[in-house]
2 protein chains.
Amino acid sequence: MVQKKDLVGADKAEGKRRGRPRAYAPDVAIGQALSLFRRTGYAATSLDDLSAATGMNRPSLYGAFGDKRALYIKSYHRYRDDYTAGAVDIFNADIDIRERLTRFLTLALDIHMTGEAGPSGCFTVMTVASDAIADPEIRALVREGFKDIDDAFVWCFRTAIARGELPDTIDVTVRAQMASAMIYLSAVRSRAGMPRAEIEATLVGAVEQLCQA
Amino acid sequence: MVQKKDLVGADKAEGKRRGRPRAYAPDVAIGQALSLFRRTGYAATSLDDLSAATGMNRPSLYGAFGDKRALYIKSYHRYRDDYTAGAVDIFNADIDIRERLTRFLTLALDIHMTGEAGPSGCFTVMTVASDAIADPEIRALVREGFKDIDDAFVWCFRTAIARGELPDTIDVTVRAQMASAMIYLSAVRSRAGMPRAEIEATLVGAVEQLCQA
DNA sequence: CCATTATTGTGCGAGACGGTACGAAAATCA
DNA sequence: TGATTTTCGTACCGTCTCGCACAATAATGG
């Protein structure tokens with residue numbers, strides 16, 4: 001949970017920094033903060049908890065990332081970056097619609113299932129369900145996140161039509177949003193503690209249903 | 001937000017109580033607590049907030065419902081009761097599968113859209129996304145809630161097959177869970193602030209898709 | 001009219017919380 | 001070595017938090 005004090009490698013790109021070296025790697029700390037935020041949510045996660053999880057004391061935490069809200073937003077961006085990194089391969093792969101949807105939903109399930117103390121679910125859904133959604137900036141991030149997923153699935157179905165795998169009579173928008181809904185299902189049920197196999201079976205069945213002509 | 005001090009009618013069924021009369025109606029207070037919990041979540045809602053929302057001071061709140069956790073659980077039961085009350089009519093109605101699914105999803109959307117300061121979403125999804133999910137009892141309640149909705153949709157599709165509206169070759173379980181997923185979509189997107197018409201259009205399209213032979 | 005019962009509401013106390021000031025520590029630079 | 005720069009880490013502030021003690025209040029019972 002806590003970073004090692006030595007061998008941080010914080011000064012990888014830039015030349016030797018002037019003062020006392022940092023005892024942490026900022027990107028590692030963000031990852032640990034993200035883990036904790038995902039497990040316990042925004043309000044229930046204290047700065048002391050974050051301090052313990054990152055191995056940084058509160059002032060360092062504040063100095064490096066700003067206040068709790070700023071750290072949360074940085075964690076959110078980290079989450080999104082991790083997510084999209086995994087999605088790129090699926091976009092580029094030369095596979096049919098069933099395979100593509102399956103990979104997307106499996107990727108989501110993988111992410112939702114991660115967590116040191118049980119599955120943590122989807123950070124975006126966590127955020128929308130928290131009081132943090134009252135914050136306009138966070139609200140905008142969340143909506144953007146949902147839209148990106150919708151767009152990804154729209155692209156999937158359009159590509160499938162272009163490849164002749166589905167007729168162009170289907171309602172691409174509706175199918176894409178139903179696929180998004182299956183991600184919400186994965187998020188919610190994984191966090192509720194339902195067994196992975198059960199959720200996976202549902203997703204597989206949904207893919208089949210969504211790929212019907 | 002705050003209950004009127006007079007004309008409570010707390011002593012409706014039981015005979016005259018002995019001591020000083022209550023300045024609140026317990027069921028009204030639970031409803032107000034539920035509203036607040038739905039808006040701000042478990043951790044971010046303080047007893048002071050609940051006190052202000054119900055018009056009861058903290059000691060009365062504590063004496064009447066126990067601590068915050070107990071009040072949350074009571075609020076959850078209230079939410080479920082309200083929900084199921086609306087669902088009964090839909091179960092009993094002599095309507096086809098499209099109409100039945102539409103009514104269920106519209107009922108869900110109605111609930112998710114309620115809230116004094118914008119849509120509050122689904123209390124069950126809020127709970128699963130909060131740190132309260134670490135509590136075994138609350139966890140069990142949530143899973144039970146999800147299962148009930150699944151079962152309701154399974155019943156819908158089975159009934160549709162029995163009425164000859166759908167072939168018995170469809171995967172009832174998968175379709176039911178996809179319908180549940182559309183409820184999660186309603187919950188998540190309403191709280192994210194997406195316009196009702198947009199969500200409604202998605203639900204309508206999904207019903208059509210789910211009722212395809 | 002007084003005792004009894006039940007609730008109200010002020011107000012307290014110990015602790016957690018977010019955030020920050022300030023001196024100690026550890027590096028580089030001259 | 002000594003000055004400078006940057007970070008670390010203790011210690012602290014004001015506020016909020018939950019939960020409860022205790023007296024005032026308002027009803028009923030005799």
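Just so it is clear: chains get the letters A, B, ... in the order the sequence lines come, proteins before strands, and each one is counted from 1. All values below were derived from every heavy atom in this structure, side-chain atoms included, with hydrogens, water molecules and symmetry-related copies excluded.
Checked by atom type, the side-chain pair B/T54/B/Q32 shows no donor-acceptor distance below 3.5 Å. A/T127 and A/Y72 share a donor-acceptor pair across their side chains, judged by distance under 3.5 Å alone. Remark: the B/S60 side chain and the B/R22 side chain contain no N/O donor-acceptor pair separated by less than 3.5 Å. A/S51 and A/N57 are not linked by any side-chain donor-acceptor pair at a separation below 3.5 angstrom, with hydrogens and angles left out of the test. Using a 3.5 Å distance cut-off with no hydrogens or angles, the side chains of A/Y79 and A/R38 do not pair a donor with an acceptor.
Ring pair B/F37/B/F123 is tilted by interplanar angle, where 30° to 60° counts as tilted.
With sequence neighbours excluded, no residue forms a salt bridge (Lys or Arg N to Asp or Glu O under 4.0 Å) with B/D67. Residues meeting the salt bridge (Lys or Arg N to Asp or Glu O under 4.0 Å) test with B/R158, sequence neighbours left out: none.
At whole-Å resolution of the value, CG in B/N57 and P in D/dA21 are 16 Å apart.
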Identify all side-chain donor-acceptor contacts of residues 41-48 of chain A below 3.5 Å with residues at least two apart in sequence or on another chain.
unit_1	atom_1	unit_2	atom_2	d
A/T45	OG1	A/T40	OG1	2.4
A/T45	OG1	A/G41	O	2.5
A/S46	OG	A/D48	N	3.4
A/S46	OG	A/D49	N	3.1
A/S46	OG	A/D49	OD1	3.4
A/S46	OG	A/D49	OD2	3.1
A/D48	OD1	A/R58	NH1	2.2

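For A/R58, the listed nucleotide lying nearest its side chain is D/dA11; candidates were D/dT7, D/dG9, D/dA11.
Taking a 4.0 Å limit (strictly below) on heavy-atom distances, residues 40-48 of chain A does not reach DNA chain D anywhere. Residues from residues 59-77 of chain B placing a heavy atom under 4.0 Å of any atom in DNA chain C, listed by number, are B/P59, B/S60.
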Stepwise side-chain contact (heavy atoms from CB on, under 4.5 Å) test for B/L107 and B/R103: CA-CA 6 Å; B/L107 170 63; B/R103 284 198 198 176; over 6 Å; no
Taking only N/O atoms, report every protein-nucleotides 27-30 of chain C pair under 3.5 Å with atom names and distance.
unit_1	atom_1	unit_2	atom_2	d
C/dA27	N3	A/R18	O	3.4
C/dT28	O4'	A/R18	O	2.9
C/dT28	O2	A/R18	NH2	3.4
C/dC29	O4'	A/R18	NE	3.4
C/dC29	O4'	A/R18	NH2	2.9

